Amino acid sequence: TPTGVSPTTPPPAPELSSRDTARYPDATPNPVRRVADAPVSTFSIDVDTVSYANVRGFIEDGMFPPKDAVRVEELINYFDYGYDRPASANAPFAVTTAVVASPWSPGRQIVHIGVQGFQLPTDQRPPLNLTFLVDVSGSMDDPNKLGLAQKAMNLVIDQLRPQDTLAITYYASTEGTTIAPTPGDHKLQLRCAVASLSASGATAGARGMVNAYETAEANFAPDRVNRILMFTDGDFNVGVTENRTLEDYVADKRETGIYLSVYGFGRDNYQDDRMQAIAQSGNGTAAYVDDLNEARRLFGPMFDRGAFPIADDVKIQVEFNPAQVSEYRLIGYETRLLNEEDFTNDRIDAGEVGSGASVTALYEITPVGGPSQIPDRRYEANRAAPAGDPSAEIAFVRLRYKLPGQDRSIEMSTPVTPTPGEAPESTRWALAVAAFGQTLRGDPWMAEDYGWDRIVDLAQGARGEDPYGDRAEFVQLARAMGTMWEDEE
């Protein structure tokens, strides 16, 4: 087990070799907020897992991930937490909360919010109209890019039913269609179309996207799930390449009822910022496929989460009680923040949630009278409220969402109250992953003596049932990071 090396300031990263041309969103960690100034926190739900698979790839290659590649909420949301499940698709969410001591910041607490989505029964899953949009440019000519993408596509084909359809489109220097919409039980025909794809040429990604939408629109049916699955390394170099233009185009197209999900491949030149923007605008999800095991995970046990939506434009708003909480900071979700007034505005886009998916959010809070991170103010009227009843509400959570195909949102809410006894296993695991991500980013709120050994110990004590070995793998990643940190000291 690594020793208690202080991980607050990471040592210089090794050379990133071919991966130093990757691009990531520039996201500054959320600041500490004073409840007296900003009692309400609002953000769009995020069920993407890009960051975890990408970070894992860096660590397995013996490299420190770039800070901007580490989105803590995507690390946390990679894992299943076993939250209580809702009973009906008409009320598709159940909310679980806990309040526990912060393991890395004495005197502070963590508010854990878990949102579990409804798992659609087999007989309630609507037919799928899928369109693959495959990057076959020269940059994809690699076994870990197009070769792995083809294996992933075949895993999707394995899941298709007779009532489903699949079309396969592509782009390189030009765009085209390999196979028109075809029933899901014509598997040999579909697999042959996948096998015919080969990589060469430039990357006319924007033109390919137009072709994919035209194909999806021609086969559109309002009683089906109409979705484009994009397989790419994200490098567009012919045609429209400015992120905002692509984002606007995809945002306009989502109004047609066609979702767009993005699956990234490759360990060099991955344009993460572009893929995130496109997936968010397309009412879809984003994931990174670093190996065949990840492809099996995404298109095997988790296929429903990426295929069948149960809610659109899902937003969370948390209002903190100033009698109980003086300060807070949201851990992660930097690229998903919304204004307070956006919460009730049904025209504001937010995240999509698929069948059986869960979402986890963590806030670090300072109780009233605790170790403030913001200096007190001179004038009494500008100071925090005095402490109240310790059993009173700590916060109030509102969740707002639209059922698929609907224009008006539904709202549900739940209070956050103190949690008696030991922190639940799910909370302890979420804390271990949050500590891992914040440490990788060098966030300034981690105690200097909170080393990798303590992260490993916290995770080991919360592994619980681990049927796919995901948690065991995480522990090994944390151990590897401790060793790498020591080697660079």
Side-chain angles (χ1 to χ4, degrees), residues 6 8 28-43 72-73 76 95-114 316-334 337 340 360-398 413-424 426-428 430-435 437-439 441 443-451 454-455 458 461-462:
S6 170
T8 305
T28 303
N30 292 319
V32 176
R33 301 287 188 187
R34 193 194 304 264
V35 174
D37 296 335
V40 175
S41 170
T42 309
F43 62 95
V72 181
E73 76 280 3
I76 295 171
V95 179
T96 300
T97 66
V99 182
V100 301
S102 171
W104 56 74
S105 188
R108 298 190 177 91
Q109 297 176 334
I110 301 293
V111 173
H112 175 193
I113 301 169
I316 291 180
Q317 188 167 81
V318 181
E319 180 180 355
F320 290 96
N321 180 359
Q324 302 296 326
V325 183
S326 63
E327 300 162 356
Y328 68 88
R329 67 178 178 93
L330 174 60
I331 300 175
Y333 292 95
E334 287 85 1
L337 300 180
E340 182 176 352
T360 299
L362 302 177
Y363 286 88
E364 184 173 71
I365 64 172
T366 303
V368 169
S372 175
Q373 298 177 84
I374 302 175
D376 202 3
R377 291 172 172 171
R378 176 179 179 85
Y379 302 105
E380 184 174 354
N382 293 334
R383 298 174 189 166
D389 180 357
S391 65
E393 292 179 4
I394 291 171
F396 195 71
V397 178
R398 294 180 175 89
S413 60
T414 187
V416 180
T417 56
T419 302
E422 183 185 13
S426 61
T427 301
R428 288 181 280 124
L431 290 174
V433 182
Q438 291 177 102
T439 300
R441 294 197 308 189
D443 285 3
W445 299 284
M446 305 294 292
E448 290 190 5
D449 63 349
Y450 201 82
R454 297 182 65 179
I455 295 173
L458 181 59

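All values below come from the heavy atoms of this structure, side chains included, with hydrogens, waters and symmetry mates left out. Everything quoted here is computed from the prediction, not taken from an experiment. The chain is numbered in sequence order, starting from 1.
Across all their heavy atoms, Ser102 and Glu364 have their closest contact at OG-OE2, 3.0 Å. Of all non-hydrogen atoms in Ala434 and Ile331, the two that sit nearest each other are CB-CG2, 4.5 Å. Nearest heavy-atom pair across Ala395 and Phe320 is CB-CD2, 3.8 Å. Annotation for Pro103 and Leu431: closest pair CD-CD1, 4.0 Å, computed over non-hydrogen atoms.
Counting only N and O atoms by type, the side chains of Ser41 and Tyr363 include a donor and acceptor under 3.5 Å apart. Defined by atom type and a distance below 3.5 Å, a donor-acceptor pair is missing between the side-chain atoms of Glu334 and Thr28.
Rounded to the nearest 0.5 angstrom, Glu340 CD and Gln317 CD are separated by 5.5 Å. To the nearest 0.5 Å, atom CD1 of residue Ile455 and atom CH2 of residue Trp104 are 9.0 Å apart. In this structure, the separation between CE on Met446 and OG1 on Thr439 is 4.0 Å, given to the nearest 0.5 Å. Taken to the nearest 0.5 Å, the CD1 atom of Ile316 stands 4.0 Å off from the CZ atom of Phe43. For the atom pair CD1 (Ile113) and OG1 (Thr97), the distance works out to 7.5 Å, reported to the nearest 0.5 Å. Within the model, atoms CD of Gln373 and OG1 of Thr366 stand 5.0 Å from one another, a figure rounded to the nearest 0.5 Å.
Side-chain atoms of Tyr450 never come within 3.5 Å of backbone atoms of Ser105 as a donor-acceptor pair (strictly under, hydrogens ignored). When atom types are taken as modelled, the side chain of Arg428 and the backbone of Gly461 share a donor-acceptor pair closer than 3.5 angstrom. Panel note: side chain Glu327, backbone Ile374; a donor-acceptor pair is recorded below 3.5 Å. The backbone N or O of Pro371 sits less than 3.5 Å from a side-chain atom of Arg108, completing a donor-acceptor pair. Counting only distance, with no hydrogens or angles, the side chain of Asp443 and the backbone of Trp445 share no donor-acceptor pair below 3.5 Å.
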Verdict with reasoning, Ile110 to Thr427, per side-chain contact (heavy atoms from CB on, under 4.5 Å)
CA-CA 9 Å; Ile110 301 293; Thr427 301; 5.5 Å; no
Please lay out, stage by stage, how Thr419 and Val99 fare under the test side-chain contact (heavy atoms from CB on, under 4.5 Å).
CA-CA 5 Å; Thr419 302; Val99 182; 4.2 Å; yes
Apply side-chain contact (heavy atoms from CB on, under 4.5 Å) to the pair Val35 and Gln324, showing each step before the final yes or no.
CA-CA 10 Å; Val35 174; Gln324 302 296 326; over 6 Å; no
Begin from the C-alpha positions of His112 and Val100 and carry the test side-chain contact (heavy atoms from CB on, under 4.5 Å) through to its verdict.
CA-CA 8 Å; His112 175 193; Val100 301; over 6 Å; no
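No side-chain heavy atom of Val325 sits under 4.5 Å from any side-chain heavy atom of Val111. In this structure, Pro367 and Gln109 have side chains that are in contact, with non-hydrogen atoms separated by less than 4.5 Å.
Screening Thr360, Ile76, Leu458, Leu362 for a side-chain contact (heavy atoms from CB on, under 4.5 Å) with Val433, the sole residue that qualifies is Ile76. With Ile365 as the fixed residue, the side-chain contact (heavy atoms from CB on, under 4.5 Å) test singles out one of Ile394, Val32, Val416: Ile394.
The side chain to side chain contact (heavy atoms under 4.5 Å, CB included) test applied to Pro31 returns Arg33, not counting sequence neighbours.
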